[in-house]
Amino acid sequence: MLTVDNINVYYGAIHALKGISVEVTEGEIVTLIGANGAGKSTILRTISGLLKPKSGKIVFEGKEIGGMAAQNIVSLGISQVPEGRRVFANMSVMENLELGAYIRSDKKEIQQDLNKIFERFPRLAERRSQLAGTLSGGEQQMLAMGRALMSRPRLLLLDEPSMGLAPLLVKEIFSIVQEINSTGTTVLLVEQNAHMALSIAHKAYVLETGRITLSGSAKELAASEDVRKAYLGG
Ligand code: ATP
């Protein structure tokens, strides 16, 4: 579905991604794990069109999307939930969700999708008129995911959904990610919580300072001595 082929990405003089290749097959949950600053978010931002690769290719469903404008990439079926949620604080839950559907004009189906989101996230339904900035961290994460789903993505990019959440909520968020995947959305998940990420993913890549150092099935990586030592606390 998505092939990232040998991309190099820079922030000015900083060489953030050094020949990264990642393959995402339709139906999977693929996770990118690694320490702070390894380049995980940079990979997602490049796929979603917020950054341009200096070289290399990104092909989504047969189309080269590397360097394409972000809104065109959303229209092709890729949606990103950014790190730190970035909900529109001064808008209501409902308005945030409606904005997620800005590329669509099918009013009736948008309404149906809103109802589905409220079924999946009952806490958002109860708070539909509340200002997003006053939601708890977990609720904001749910809203950010709901907003991304409103564009009907076939590939969902999730950047550290567990960040700053209590363990019980982390579990809840991960089980929602699994459910979203099982209803047909392919997921590329960036996480620092390697334990949780490997427990739900099919495939995983380990990143260190802009390079992929290990990859394989999530099961294999969870069992690997190197991964256990570096990312799973021994
Ligand atoms: P984290 O989990 O801390 O977000 P990450 O693996 O997602 O880490 P990135 O955010 O992709 O890492 O950062 C990769 C490298 O690029 C880091 O060295 C970081 O300092 C650098 N970097 C990220 N954003 C910028 C920017 N806007 N300008 C300059 N350098 C940046």
Side-chain angles (χ1 to χ4, degrees), residues 2-24 28-58 65-67 70 73 78-87 137-138 140-141 144-145 148 155-167 169-170 173-174 177 187-218 220-222 224-234:
L2 178 79
T3 304
V4 175
D5 183 14
N6 198 21
I7 57 167
N8 284 284
V9 175
Y10 292 75
Y11 293 104
I14 298 168
H15 194 177
L17 300 183
K18 302 167 184 160
I20 294 285
S21 297
V22 168
E23 185 77 45
V24 179
E28 285 180 329
I29 298 177
V30 177
T31 188
L32 308 172
I33 59 175
N36 268 318
K40 305 179 299 294
S41 303
T42 303
I43 297 181
L44 294 195
R45 285 191 222 120
T46 309
I47 295 169
S48 62
L50 301 175
L51 295 169
K52 274 191 204 307
K54 189 151 196 182
S55 62
K57 268 193 193 161
I58 305 175
I65 60 164
I73 293 178
I78 300 181
S79 187
Q80 179 170 4
V81 182
E83 187 174 349
R85 355 284 190 209
R86 307 273 176 92
V87 296
Q140 288 191 18
Q141 183 59 46
M145 286 163 65
L155 174 62
L156 185 65
L157 310 176
L158 283 172
D159 198 347
E160 296 209 20
S162 79
M163 193 168 63
L165 302 184
L169 258 175
V170 172
I173 294 288
F174 275 83
V177 173
V187 176
L188 181 55
L189 167 70
V190 158
E191 257 299 333
Q192 286 214 34
N193 188 334
H195 181 73
M196 286 302 283
L198 291 175
S199 75
I200 65 163
H202 302 101
K203 215 164 67 195
Y205 293 84
V206 177
L207 242 94
E208 279 172 34
T209 56
R211 289 181 211 279
I212 285 161
T213 51
L214 275 172
S215 64
S217 77
E220 267 164 30
L221 288 197
S224 128
E225 189 69 8
D226 292 344
V227 173
R228 297 185 76 85
K229 270 196 203 140
Y231 303 105
L232 300 173

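For the pair Lys54/Val9, no side-chain contact is recorded, criterion being any heavy-atom separation below 4.5 Å from C-beta on. Within the 4.5 Å cutoff, side-chain heavy atoms of Ile43 are placed close to those of Leu207. Considering only heavy atoms from C-beta on, Leu17 stays 4.5 Å or farther from Arg211 through its side chain. Residues Pro161 and Gln141 have side chains in contact (heavy-atom distance under 4.5 Å, counting atoms from C-beta outward). No side-chain heavy atom of Leu188 sits less than 4.5 Å from a side-chain heavy atom of Leu156.
Rounding to the nearest 0.5 Å places CD1 of Ile29 at 4.0 Å from CD1 of Ile200. One distance of note links CG of Leu221 with CD1 of Ile33; it measures 6.5 Å at 0.5 Å rounding. Within the model, atoms CD of Glu208 and OG1 of Thr213 stand 4.0 Å from one another, a figure rounded to the nearest 0.5 Å. With rounding to the nearest 0.5 angstrom, the CG atom of Leu2 is 6.0 Å from the CD1 atom of Ile65. If you take OG1 on Thr3 and CD1 on Ile58, they are separated by 10.5 Å, rounding to the nearest 0.5 Å.
Applying the side chain to side chain donor-acceptor pair (under 3.5 Å) test to pairs two or more places apart or on separate chains, those with a residue in residues 33-45 are Tyr11-Thr42, Tyr11-Arg45, Asn36-Gln192, Ser41-Glu83, Ser41-Asp159.
Taking every heavy atom of both residues into account, Leu169 and Gly138 meet most closely at CD1-CA, 3.9 Å. The minimum heavy-atom distance between Ile173 and Met145, with the atom names listed, is CG2-SD, 4.1 Å. Here the shortest heavy-atom pairing between Ser162 and Phe174 reads CB-CE1, 3.7 Å. The two residues Gly67 and Pro53 make their nearest non-hydrogen contact at N-CD, 3.8 Å. Here the closest heavy-atom approach between residue Gly210 and residue Ile20 is recorded as O-CD1, 3.3 Å. Of all non-hydrogen atoms in Gly19 and Asn8, the two that sit nearest each other are N-OD1, 3.1 Å.
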Steps toward side-chain contact (heavy atoms from CB on, under 4.5 Å) verdict (Met196, Val170): CA-CA 8 Å; Met196 286 302 283; Val170 172; 4.0 Å; yes
Intermediate values then yes/no, side-chain contact (heavy atoms from CB on, under 4.5 Å), Val24 and Val4: CA-CA 9 Å; Val24 179; Val4 175; over 6 Å; no
Worked verdict on Gln80 versus Leu158 for side-chain contact (heavy atoms from CB on, under 4.5 Å): CA-CA 6 Å; Gln80 179 170 4; Leu158 283 172; over 6 Å; no
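Applying the ring pair (Phe, Tyr, Trp, His ring centres under 6.0 Å) rule to His15 yields the partners Tyr10; only residues at least two apart in sequence or on another chain are considered. Partners of Ala222 under the side-chain contact (heavy atoms from CB on, under 4.5 Å) rule, at least two apart in sequence or in another chain, are Leu198.
In terms of modelled atom types and a separation under 3.5 Å, the side chain of Thr31 and the main chain of Leu189 share a donor-acceptor contact. Side-chain N or O atoms of Glu191 include one that pairs as donor or acceptor with a backbone N or O of Asn193 at under 3.5 Å. In this structure, the side chain of Glu160 does not engage the main chain of Gly84 through any donor-acceptor pair within 3.5 Å. Using a distance-only test at 3.5 Å, with no hydrogens or angles considered, a donor-acceptor pair links the side chain of Ser21 to the main chain of Asn6. Without hydrogens or angle criteria, Tyr205 side chain to Glu23 main chain gives a donor-acceptor distance under 3.5 Å.
No more than 12 heavy atoms of other residues, nucleotides or ligands sit less than 6.0 Å from atom NZ of Lys57.
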